[in-house]
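Lettering follows sequence order; numbering is per chain, from 1. What you see below is based on every heavy atom in this structure, not just the backbone, and it leaves out hydrogens, waters and symmetry mates.
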Amino acid sequence: MSKPETRVRIAPSPTGDPHVGTAYQALYNYAFARTRGGKFILRIEDTDQARSSPESERAILSSLRWLGLEWDEGPDIGGPHGPYRQSERTAIYREHAARLLESGHAYRCYCTKEELEQMRIEQREKKLPALFDEVCRNRSLDESSRRAEAGDAYVIRMKVPRDGVCVIKDLLHGEIRKDWASIDDQIIIKSDGFPTYHLANVVDDHLMGITHVIRGEEWINSVPKHLKLYEDLGWEAPVFCHLPLLRNADKNKSKLSKRKNPTSIEYYRRAGFLPQALLNFLGMLGWSMPGDEEKFTLDQMLEHFRLEDINLGGPVFDVKKLRWLNGRYIREDHDAPALREELFKWALGPEMVEKIIPLAQPRLETLADWGFLTAFFFADAVPCQAEELKLKGHDAGEVAEVFQFAIWQLERQRDFRSEAIELLFKELAEALELKVRVLLGPFYVALSGKAASTPLYQSMEILGSDMVRMRLRRAIELLGGLSSKKLKALEKRYEDLFGGTR
RNA sequence: GGCCCCAUAGUCUAGCGGUCAGGACGUCGGCCUCUCACGCCGAAAUCCCGGGUUCAAUUCCCGGUGGGGUCACCA
């Protein structure tokens, strides 16, 4: 009997910028599949209706493709196990949830958020580990169905064993034991009818024939739930393998986060990093090429890659070393024509220059003025004096807060055309009770390094969302940064001013 | 805080019972040179701590400490 084909997947959630952590997981999944002659599948986990967006999905696909990680099946190219977008598979999940309901492995829960909150507080006081609602859990299916028909809102929860130990087998970690009592009756279908990650993930992995689940360590604690779901559905579970999480370069090496490090692949692209270099760099975090050479191509990596060789310590994403590696690619792998081509692809091409010309022209007295006027479009960090980041009547800390508001606004701004940005700043000015022209002052400095520059909104459009936010974040740091305490208060104020969740 | 995972220089790593603990980034010094960068040479810097096991532990086991993750109608 031949072994079944190896099938792995990367399953990003399109809720924001394409994250380097996603690329990291993708690389190792890809390498594992390729070294075993298997398939690498891309699946979009967009079951969070509120946060998912098509723009984010597009950005993720384009970023992964830019890196050279081609998938064999995915939402854009299809495949034999489609659709590959979870929002298009809701009927499948509902059907499986119904099966679990009927077999008694799941139940409808009619508790409100407030009731659960109250229950949680009491349980914490009593030092009970997990959250269970006995009433809902023990209600008969008949009665629960009657209430559902009467129109009562509910979610569906899985029934998790109350005692015993769950043994997780992990390819890298070996056996991990976890008490069932520490695991709660996870919601598998939300009140909007959409599944949560846990259900959708298990159903899809099974239906798509996934043999190995290679993903971030953050998932280890929920493996028991997944194992139970496989069992209840009568399926064989795939092999699990949890990889370390990328870390910030801060004191504690916390999980890589955009507050402390650029995390968007788009940022690295815009900042002039080459895809080969970024991929190579990710490949040397956690894994190392035999021998002394640290520069290697994807193909070279494939020749030596073994999943078992991955180092379990969470690696710090050290941009300094990435810069060094990138420099080697520029110097060693490009002759002048090739480098010219890279530069054109990056920002010196006609497309970019044509966008800048109308902004620059009114401000040019000589052609040579072009250089200093437009330099900031072709840069990563911009030289910027803290003293220049001034806002009339506000101190440095307050300017930093304004920048932070703008970052949050821009984060949820999917349409990054200048008109949309203009609207956004008008809103911001109004909320802060400032004149727009006054508000904009420090933004010119943060983004271009100078108080006088090309028009802000259009310049921002050209710089792109990721670069703009990065420069604003740098400006905040320059102003002394925002403490997490301050940030928390700020967040609250932001919600009061602009409403909604970020 | 409960539970889970992890632990070689500041950082990424090699090592898989006996090594002067190897390489790379970064740092410092020197050479090259019209400057800088590149390149080259060199230096400082590491096995978290404490118990075992063993003739011998960085390596195996246990405990501690430290760090991370997770405890959502987010993934």
Side-chain angles (χ1 to χ4, degrees), chain A residues 11-16 19 21-22 43-52 86 109 111-113 116-117 120 123-124 127-131 153-157 165-166 168 170 172-184 186-201 215-225 242-256 280-295 308-328 330-332 501-502:
Chain A
S13 172
T15 52
H19 200 280
T22 304
R43 181 175 72 221
I44 295 295
E45 308 229 331
D46 56 347
T47 55
D48 185 339
Q49 286 291 281
R51 296 197 306 150
S52 296
Q86 290 185 329
C109 177
C111 299
T112 64
K113 274 188 181 167
L116 290 171
E117 187 61 33
R120 214 164 296 169
Q123 278 168 342
R124 187 161 293 206
K127 296 214 167 150
L128 289 168
L131 163 117
Y154 64 87
V155 300
I156 300 179
R157 290 180 183 275
V165 177
C166 177
I168 302 162
D170 185 284
L172 246 29
H173 295 265
E175 288 190 353
I176 300 166
R177 271 152 224 284
K178 208 150 165 44
D179 290 338
W180 279 114
S182 71
I183 293 156
D184 67 340
Q186 179 64 51
I187 290 175
I188 55 176
I189 298 280
K190 300 180 258 186
S191 55
D192 65 0
F194 272 68
T196 56
Y197 171 84
H198 306 280
L199 209 225
N201 165 262
R215 86 246 271 198
E217 216 169 45
E218 56 203 314
W219 293 108
I220 284 187
N221 287 320
S222 46
V223 177
K225 293 171 186 174
H242 293 86
L243 264 30
L245 265 19
L246 262 23
R247 309 290 187 89
N248 288 314
D250 60 2
K251 180 98 171 43
N252 288 341
K253 302 189 188 179
S254 51
K255 172 163 107 171
L256 193 66
N280 184 165
F281 179 66
L282 292 172
M284 58 197 246
L285 298 180
W287 184 81
S288 71
M289 193 71 159
D292 289 344
E293 185 52 272
E294 290 189 290
K295 180 169 167 249
E308 311 85 86
D309 291 338
I310 289 178
N311 194 319
L312 291 179
V316 170
F317 192 96
D318 180 6
V319 182
K320 282 225 181 81
K321 190 154 183 177
L322 170 60
R323 290 181 68 91
W324 162 80
L325 227 208
N326 200 63
R328 282 192 64 185
I330 289 177
R331 273 175 257 125
E332 297 172 11
T501 47
R502 290 171 15 231

Colleague: Base, sugar-phosphate, or nothing: which does A:Thr47 touch, judged by heavy atoms less than 4.0 Å apart?
Modeller: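 Sugar-phosphate, no base atom in range.
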Colleague: At under 4.0 Å, does any side-chain N or O of A:Asn252 touch on OP1 or OP2 of B:rG68?
Modeller: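 Yes, A:Asn252 has a side-chain N/O under 4.0 Å of OP1/OP2 on B:rG68.
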Colleague: Where the side chain of A:Lys253 is concerned, which of B:rA75, B:rC4, B:rU11 is the nearest nucleotide?
Modeller: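 Out of B:rA75, B:rC4, B:rU11, the nucleotide with an atom closest to A:Lys253's side chain is B:rU11.
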Colleague: According to the Watson-Crick and G-U wobble definitions, with both distances under 3.5 Å, which nucleotide is paired to B:rA43?
Modeller: B:rU27
Colleague: Under a 3.5 Å cut-off for both distances, is B:rA7 Watson-Crick or wobble paired, and to whom?
Modeller: B:rU65
Colleague: Does any N or O in the side chain of A:Lys190 come within less than 3.5 Å of the main-chain N or O of A:Thr47, such that one atom is a donor and the other an acceptor?
Modeller: yes
Colleague: Select one nucleotide: of B:rA75, B:rC5, B:rG68, the one nearest the side-chain heavy atoms of A:Ser254.
Modeller: B:rG68
Colleague: Provide the distance between the two C1' atoms, one in B:rG18 and one in B:rA44, to the nearest whole Å.
Modeller: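 Per the computed distance, 28 Å lies between those C1' atoms.
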Colleague: Taking for each residue the nucleotide of RNA chain B bearing the nearest heavy atom, is the 5' side occupied by A:His198 or by A:Lys178?
Modeller: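 Upstream on the strand: A:Lys178.
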Colleague: Decide yes or no on ring pair (Phe, Tyr, Trp, His ring centres under 6.0 Å) for A:Phe281 and A:Trp324, but give the supporting numbers first.
Modeller: CA-CA 10 Å; A:Phe281 179 66; A:Trp324 162 80; 9.5 Å; no
Colleague: Is the shortest side-chain heavy-atom distance between A:His242 and A:Leu172 below 4.5 Å?
Modeller: no
Colleague: At under 4.0 Å between heavy atoms, what does A:Trp219 touch on the DNA or RNA strands: base, sugar-phosphate, or nothing?
Modeller: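 Counting heavy atoms under 4.0 Å across all strands, the contact made by A:Trp219 includes a base.
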Colleague: Atom CZ of A:Phe317 to atom C1' of B:rG26: distance rounded to whole Å?
Modeller: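 Taking atom C1' of B:rG26 as the reference, CZ of A:Phe317 is at 16 Å.
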Colleague: With a 4.0 Å cut-off on heavy atoms, is A:Gly327 in touch with a base, just the backbone sugar-phosphate, or nothing at all?
Modeller: nothing
Colleague: Within this structure, what is the CH2-to-C1' distance between A:Trp287 and B:rG15, rounded to whole angstrom?
Modeller: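 Distance check: A:Trp287 CH2 to B:rG15 C1' gives 16 Å.
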Colleague: In terms of side-chain geometry, is the basic nitrogen of A:Arg328 or A:Glu294 positioned less than 4.0 Å from the acidic oxygen of its partner?
Modeller: no
Colleague: Please pick, from B:rG26, B:rC12, B:rG68, the nucleotide with the shortest atom-to-atom distance to any side-chain atom of A:Lys320.
Modeller: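 Of B:rG26, B:rC12, B:rG68, B:rG26 is nearest to the side chain of A:Lys320.
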Colleague: What integer number of Å spans the C1' atoms of B:rA7 and B:rC49?
Modeller: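 Here B:rA7 and B:rC49 have their C1' atoms 12 Å from each other.
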Colleague: Pairing check on B:rC60: which nucleotide meets the Watson-Crick or G-U wobble criteria with it, both distances under 3.5 Å?
Modeller: B:rG52
Colleague: Side chain of A:Asp48 only, please: which of B:rC4, B:rC3, B:rA75 is the nearest?
Modeller: B:rA75
Colleague: Considering only B:rA75, B:rC12, B:rC4, which nucleotide approaches the side chain of A:Lys190 most closely?
Modeller: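 So the nucleotide nearest the side chain must be B:rA75.
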Colleague: Ignoring hydrogens and angles, does a donor from either the side chain of A:Lys113 or the base of B:rA72 sit under 3.5 Å from an acceptor on the other?
Modeller: no
Colleague: Separation of A:Ile310 atom CD1 from B:rC5 atom C1', in whole Å?
Modeller: 15 Å
Colleague: Less than 4.5 Å apart, any side-chain heavy atom of A:Glu175 and any of A:Ile168?
Modeller: no
Colleague: Nearest to the side chain of A:Glu218, heavy atoms from C-beta on, is which of B:rU70, B:rG68, B:rG23?
Modeller: B:rU70
Colleague: With a 4.5 Å cut-off on side-chain heavy atoms, are A:Asp184 and A:Lys225 touching?
Modeller: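 They are in contact (side-chain heavy atoms under 4.5 Å apart), so the answer is yes.
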Colleague: Hey, does A:Arg323 reach any base, or is it just sugar-phosphate, or nothing, if we go heavy atoms under 4.0 Å?
Modeller: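 Here A:Arg323 touches no strand at all.
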Colleague: Between B:rU11, B:rC3, B:rC12, which nucleotide gets closest to the side-chain atoms of A:Ser182?
Modeller: B:rC3
Colleague: So A:Leu322, base contact, sugar-phosphate only, or nothing? Heavy-atom distance under 4.0 Å.
Modeller: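 Nothing, no heavy atom under 4.0 Å.
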Colleague: With a 3.5 angstrom cut-off on both distances, give the Watson-Crick or G-U wobble partner of B:rC34, or none if there isn't one.
Modeller: none
Colleague: Using a heavy-atom cut-off of 4.0 Å across all strands, would you classify A:Val155 as base, sugar-phosphate, or nothing?
Modeller: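 If one applies the 4.0 Å heavy-atom cut-off, A:Val155 turns out to touch a base.
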Colleague: Figure out the CG/P separation between A:Leu325 and B:rG26, and round it to whole Å.
Modeller: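 Atom-to-atom, A:Leu325 to B:rG26, this comes out as 11 Å.
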Colleague: Does A:His242 place a side-chain N or O at less than 4.0 Å from the phosphate oxygens OP1/OP2 of B:rC5?
Modeller: no
Colleague: For the pair A:His198 and A:Trp219, name the ring-plane relationship: parallel under 30°, tilted 30 to 60°, perpendicular over 60°.
Modeller: perpendicular
Colleague: Between A:Arg51 and A:Asp48, does any side-chain N to carboxylate O distance fall below 4.0 Å?
Modeller: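 Salt bridge between A:Arg51 and A:Asp48, a charged N being under 4.0 Å from a carboxylate O: yes.
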Colleague: Ignoring the backbone of A:Asn311, work out which of B:rU11, B:rC73, B:rU13 is nearest its side chain.
Modeller: B:rU13
Colleague: In whole angstrom, what separates A:Leu172's CG from B:rC16's P?
Modeller: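 Spelled out: CG on A:Leu172 to P on B:rC16 is 18 Å.
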Colleague: Could you tell me how far apart A:Arg215 (CZ) and B:rG69 (C1') are, to the nearest whole angstrom?
Modeller: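 For the pair A:Arg215 CZ and B:rG69 C1', the rounded distance is 14 Å.
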Colleague: Is A:Arg331 side chain donor-acceptor paired with the B:rC38 base, going by distance under 3.5 Å alone?
Modeller: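 Checked by distance alone, the answer is no.
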Colleague: If we take the C1' atom in both B:rU58 and B:rC47, what is their distance in whole Å?
Modeller: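 Each nucleotide's C1' atom is 5 Å from the other's.
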Colleague: In terms of side-chain heavy atoms of A:Trp324, which of B:rG26, B:rC3, B:rG68 is nearest?
Modeller: B:rG26
Colleague: Separation of A:Glu293 atom CD from B:rC12 atom C1', in whole Å?
Modeller: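 My rounded result for the distance is 14 Å.
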Colleague: Would you say the side-chain atoms of A:Thr196 pair up with the backbone N or O of A:Ile187, donor to acceptor, closer than 3.5 Å?
Modeller: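 Yes: the side chain of A:Thr196 pairs with the backbone of A:Ile187.
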Colleague: What integer number of Å spans the P atoms of B:rC48 and B:rA9?
Modeller: 6 Å
Colleague: Provide the distance between the two C1' atoms, one in B:rU70 and one in B:rA75, to the nearest whole Å.
Modeller: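 One C1' to the other, the span is 13 Å.
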Colleague: Using the P atom as the point on both nucleotides, what is the distance between B:rC36 and B:rU27, in whole Å?
Modeller: 15 Å
Colleague: Rounded to the Å, how far apart are A:Ile189 CD1 and B:rA72 P?
Modeller: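 After rounding, the gap between these two atoms is 19 Å.
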Colleague: Say we look at B:rG51 and B:rA14: how far apart would their C1' atoms be, to the nearest angstrom?
Modeller: 28 Å
Colleague: Among B:rG23, B:rC25, B:rC73, which nucleotide has an atom closest to any side-chain atom of A:Glu294?
Modeller: B:rG23
Colleague: Here's a test of your reading of the structure: between A:Glu217 and A:Asn221, which maps to the more 5' nucleotide of RNA chain B?
Modeller: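 Nearest-nucleotide comparison on RNA chain B picks A:Glu217.
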Colleague: What's the gap between B:rG17 and B:rU54 when it is taken at their C1' atoms, as a whole Å value?
Modeller: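 Those two atoms are separated by 9 Å.
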Colleague: Does B:rU70 pair with anything, Watson-Crick or G-U wobble, both distances under 3.5 Å, and if so, with which nucleotide?
Modeller: B:rG2
